[in-house]
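Chain A is the first sequence line, chain B the second, and so forth, proteins listed ahead of strands; every chain is numbered from 1.
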Amino acid sequence: MSEALLQQTQVSRVVERFGEFKQRFPTPAAMVKAGERSVLQAWRGMGYYRRARSLYAAACVITRIHSGRVPRTVVELLTLPGVGRYTAGAVASIAFEQHEPIVDGNVARVLSRLADRRASVHDRLGQAWCWNQATHLVMQAKNAGRMNEGLMELGATVCTPHQPKCSECPLRAKCKSFANQSQDRVPPPKPGLKKTAVVFHALVQIKNGRVGLQQRPTGLWKGLLAPPVIESAKRLPLKVIQHRADPVKVKLEIASFEFLTTHRRVRFVVYEAMFPSTTPMEWIRLKDLGDQAVSSATIQVVDAARGQHRCQADKLQTK
DNA sequence: AATTCGTGGGC
DNA sequence: TGCCCAAGAAT
């Protein structure tokens, strides 16, 4: 469970949340009983929500196929949803003390600098090289889990991407990048992904202290509760919104704002609207919104709508 | 192989 | 401010 939370997420952020997960989902069977929605709710604000759905699915497999016990071999672990090469190796080596290697972003950087390997770690060749190196190291380690954790910890705290603290590094004398002073160029950064602008026209309806949300069936925030949304490349005029949402009766634009994700620029235009229930609409008490399976973005959208409601602004734009 | 998936922190 | 990055996996 901790490794699922840690995928592409800094340790300090997981530390804040892990206690709640341990309490709510002490065993795979307990997670199955709690249900997927409960896992998504606990996951709110953590991003990459596929991990939450995969974790729940893995709990189901473990409960049904493995009698409630987490499998201890890499081969078996790899069959679990959401468990790839890294996670399988981490669980097998750290939890079950098997001599299995791991390569994450930290390990790839540490290994590249030790050898002063200038080529990319992001392609197939680079990954193969990293896994070979990691395999070699873990084979000679007394404790494979400690070796793996040590490599990651070194990368996270000392051998950082920018301005590594080489003066504090216990491997300084063995590091070829330090000898050549190439730390800042090794490994080369991953080529940036181009961002595409997407406008989310959120149709927010609030009545009797409740907001209408539905579970997103696909794409961004899949599985989470969010207002009905009309997506487009550019911002749509109110008339077009009305047409596309037909028989939606769009009444009033109340706010718009934008925020960034790694992969796209998301602009929300928030409308108060009447709309049909295509996928089931769930009416969530505003005061209970924080206890639902929602993204941070949904919280922001609803907050924006509520704020404008309070001051009764008509066609007011906020940044 | 290249994309798609969030969010918050650091510089 | 804008960009990079993070204990990656699935498609």
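Put simply, the side chain of R109(A) gets close to the backbone of G155(A): a donor and an acceptor are under 3.5 Å apart. Judged purely by atom type and a 3.5 angstrom limit, R53(A) has no side-chain atom pairing as donor or acceptor with the backbone of E36(A). Judged by distance alone, the side chain of D104(A) and the main-chain N or O of N106(A) form a donor-acceptor pair under 3.5 Å. Between the H66(A) side chain and the P71(A) main chain, no donor and acceptor come within less than 3.5 Å of each other. At least one donor-acceptor pair closer than 3.5 Å links the side chain of R210(A) to the backbone N or O of W283(A). With E20(A) contributing its side chain and A42(A) its backbone, the two residues share no donor-acceptor pair below 3.5 Å. Without hydrogens or angle criteria, R118(A) side chain to R185(A) main chain gives no donor-acceptor distance under 3.5 Å. Looking only at distances, no side-chain donor or acceptor of R44(A) sits under 3.5 Å from a matching main-chain atom of G47(A). Without hydrogens or angle criteria, Q205(A) side chain to V211(A) main chain gives no donor-acceptor distance under 3.5 Å.
Distance CZ (R216(A)) to C1' (dT4(B)): 14 Å, rounded to an integer number of Å. The CG-P distance, from L5(A) to dG6(B), rounds to 15 Å in whole Å. Taking atom CG of residue D184(A) and atom P of nucleotide dC4(C), one finds them 16 Å apart after rounding to whole Å. One interatomic measurement links the two molecules: NE2 of H122(A) to P of dA2(B), which rounds to 13 Å at whole-angstrom precision. Here dG8(C) presents its P atom at 9 Å from CD1 of I102(A), a figure rounded to the nearest Å. The distance between atom OH of Y48(A) and atom P of dT3(B), rounded to the nearest whole Å, is 14 Å. Taking atom CG of D123(A) as the reference point, atom C1' of dA2(B) lies 13 Å away to the nearest angstrom. One interatomic measurement links the two molecules: CG of L154(A) to P of dA6(C), which rounds to 14 Å at whole-angstrom precision.
With no hydrogens or angles considered, no side-chain donor-acceptor pair links Q127(A) and R85(A) at under 3.5 Å. Between the side chains of Y86(A) and Q7(A), not a single donor N or O lies within less than 3.5 Å of an accepting N or O.
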**Request:** Convert the base pairs of DNA chain C into dot-bracket notation, remembering that pairs crossing earlier ones are written with [ ] and that bases paired across to another strand are shown as |; include only Watson-Crick or G-U pairs under 3.5 Å.
**Result:** .|||||.||||
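Contacts of G219(A) with the nucleic acid, taken as non-hydrogen atoms under 4.0 Å apart, involve only primed sugar atoms and P, OP1 or OP2. At a threshold of 4.0 angstrom between heavy atoms, the contacts of R53(A) with the nucleic acid are absent. Using a 4.0 Å heavy-atom cutoff across all strands shown, S2(A) reaches no nucleic acid atom at all. Among the heavy atoms of the strands lying under 4.0 Å from S296(A) are primed sugar atoms or P, OP1, OP2 only; no base atom is included.
When the side-chain nitrogen and oxygen atoms of Q10(A) are compared with OP1 and OP2 of dA6(C), none of them lie within a distance under 4.0 Å.
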Polar atoms only, N or O, under 3.5 Å: list the protein pairs with nucleotides 9-11 of chain C and their distances.
residue	atom	partner	partner atom	Å
dA9(C)	OP1	G84(A)	N	2.9
dA9(C)	OP1	G84(A)	O	3.4
dA9(C)	OP1	T87(A)	N	3.0
dA9(C)	OP1	T87(A)	OG1	2.8
dA10(C)	OP1	G82(A)	N	2.5

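Annotation: of the two residues near DNA chain B, Q163(A) and R51(A), the 5′-most nearest-nucleotide partner is R51(A). Each of T9(A) and P188(A) was matched to the nucleotide of DNA chain C holding its nearest heavy atom; the match closer to the 5' end belongs to P188(A).
Nearest to the side chain of H162(A), among dG6(B), dA7(C), dC4(C), sits dC4(C). With dA6(C), dC5(C), dA7(C) as the choices, the nucleotide that has an atom nearest any side-chain atom of D104(A) turns out to be dA7(C). In this structure, of dG6(B), dA7(C), dA1(B), it is dA7(C) that holds the atom nearest to the side chain of N106(A). Which of dA1(B), dC5(B), dA7(C) sits closest to the side chain of R124(A) comes down to dA1(B). Of the candidate nucleotides dG6(B), dA6(C), dA7(C), dA6(C) has the atom nearest to the side chain of R109(A).
Using C1' as the reference atom, dT3(B) and dA7(C) are 22 Å apart when rounded to the nearest Å. Annotation: dC4(C) and dG6(B) have their C1' atoms spaced 15 Å apart (nearest Å).
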